[in-house]
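Count residues from 1 along the sequence. Indexing begins at 1, ligand by ligand and atom by atom, following the structure's order. If you're wondering where the values come from, they're calculated on a predicted model, not measured in any experiment. Atoms considered below: every heavy atom in the structure, side chains included; atoms not considered: hydrogens, waters and symmetry mates.
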Amino acid sequence: MQALTPLIIATRNPHKTMEIREMIATQYEVLDATNFSDWPEVEETGTTFLENATLKAVAISQCVDGIVLADDSGLIVDGLDGAPGVWSSSYGGEEGNHAKNNQRLLLEMTDVPEAKRSARFACTMVLAQGGRVLADFQGMVEGRILHDLSGVEGFGYDPLFAPLGYDRSFAELGSEIKNTLSHRAAALQQVIAWLSSGNPL
Ligand code: ITT
């Protein structure tokens, strides 16, 4: 059997790695921070998904050989003027605490009328090698914010987000459906098309 080509994901979020691995496991050996010992902390000081994805991709690609893929993503809620947006992972006051983030989102949404509960997940992916950006890609999924948490699959805001055309949350629908609809899937499809069309790896 032929060895799979490695693809290094510049993330410390195991859920992102898992989703990406599920989507491309037959084509790539998906690696992340857990496969490297001297992986630097990258401060996400940007004010856009593109800036933060670029910071992660460039910094990690300076430390490892091969092509690095960074994913910066978040939830954009119309009734909250676009919040939590780029600050999705620390919205509840503690970086990466999904329970607190969801709690705050529910609180902020208390008086938001149905028509303003529309929302979208956005994902920007950046490919870099040797500290140089190769390309960037965007993915999006439209949906709405539910009134209660439901479901146990996925991560982050998945229990509160129902994609367009569904009454159930991503956390109820599970990865099989999420991976056909998600912002991450949409961006990743473009990444894979770019990599397979003769671009380096
Ligand atoms: P890395 O920077 O290490 O990749 P992270 O989780 O901090 O991991 P981001 O800075 O991109 O990643 O923040 C993304 C946040 O947006 C994440 O913590 C969730 O709160 C939310 N999010 C992104 N994609 C999501 C998804 O598919 N489902 C639910 N929530 C998501």
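Distance alone, capped at 3.5 Å, places no donor-acceptor pair between the S182 side chain and the N179 backbone. The closest donor-acceptor contact from the side chain of R184 to the backbone of C123 lies at 3.5 Å or more, if one exists at all. In this structure a side-chain-to-backbone donor-acceptor pair under 3.5 Å is missing from N52 to F49. Looking only at distances, no side-chain donor or acceptor of D136 sits under 3.5 Å from a matching main-chain atom of V126.
Side-chain polar atoms of E95 and S89 form a donor-acceptor pair below 3.5 angstrom. Side chain to side chain, D71 and S73 meet the donor-acceptor criterion of an N or O pair below 3.5 Å. Side-chain contact annotation: H147 with E114, donor-acceptor N/O pair under 3.5 Å present.
For atom 10 (O) of ligand 1, the candidate residues are E44, R184, K16; the nearest heavy-atom contact is made by E44. Ranked by closest heavy atom to atom 14 (C) of ligand 1, the top entry among S73, P84, S88 is S73. Considering each of Y157, F170, F155, the one bringing a non-hydrogen atom nearest atom 20 (O) of ligand 1 is Y157.
Within the 4.0 Å heavy-atom shell around ligand 1 one finds D72. Residue contact check for ligand 1: H183 places a non-hydrogen atom closer than 4.0 Å to it.
Atoms of ligand 1 found under 4.0 Å from any heavy atom of G74, numbered from 1 in the order shown, are 16 (O). Ligand-side atoms of ligand 1 in range of G156: 29 (C), 30 (N), range being under 4.0 angstrom from any heavy atom. The distance from ligand 1 to the heavy atoms of R12 drops below 4.0 Å at these ligand atoms: 3 (O). Using a 4.0 Å cut-off to heavy atoms of N13, the atoms of ligand 1 that qualify are 3 (O), 6 (O), 8 (O). Taking a cut-off of under 4.0 Å to the non-hydrogen atoms of D158, the atoms of ligand 1 that pass are 26 (C), 28 (N), 29 (C). Set against the non-hydrogen atoms of K178, the atoms of ligand 1 under 4.0 Å away are 26 (C), 27 (O), 28 (N). Every atom of ligand 1 is numbered from 1 in the order shown, and the set under 4.0 Å from a heavy atom of D71 is 4 (O), 11 (O).
Within the 4.0 Å heavy-atom criterion, neither part of H15 lies near ligand 1.
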Chi angles and distances behind the side-chain contact (heavy atoms from CB on, under 4.5 Å) call for T47, V86:
CA-CA 7 Å; T47 56; V86 176; 5.8 Å; no

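Of all protein heavy atoms, the one lying nearest to atom 18 (O) of ligand 1 is S89 CB, 3.3 Å. Of all protein heavy atoms, the one lying nearest to atom 7 (O) of ligand 1 is E95 OE2, 3.8 Å. Protein heavy atom nearest atom 4 (O) of ligand 1, with residue, atom name and distance: T11 OG1, 2.6 Å.
Taking the six-membered ring where the residue is Trp, F121 and Y157 present tilted rings, their angle falling between 30° and 60°.
Residues R120 and D78 are paired through a salt bridge, judged by an N-O separation under 4.0 Å between the basic side chain and the carboxylate.
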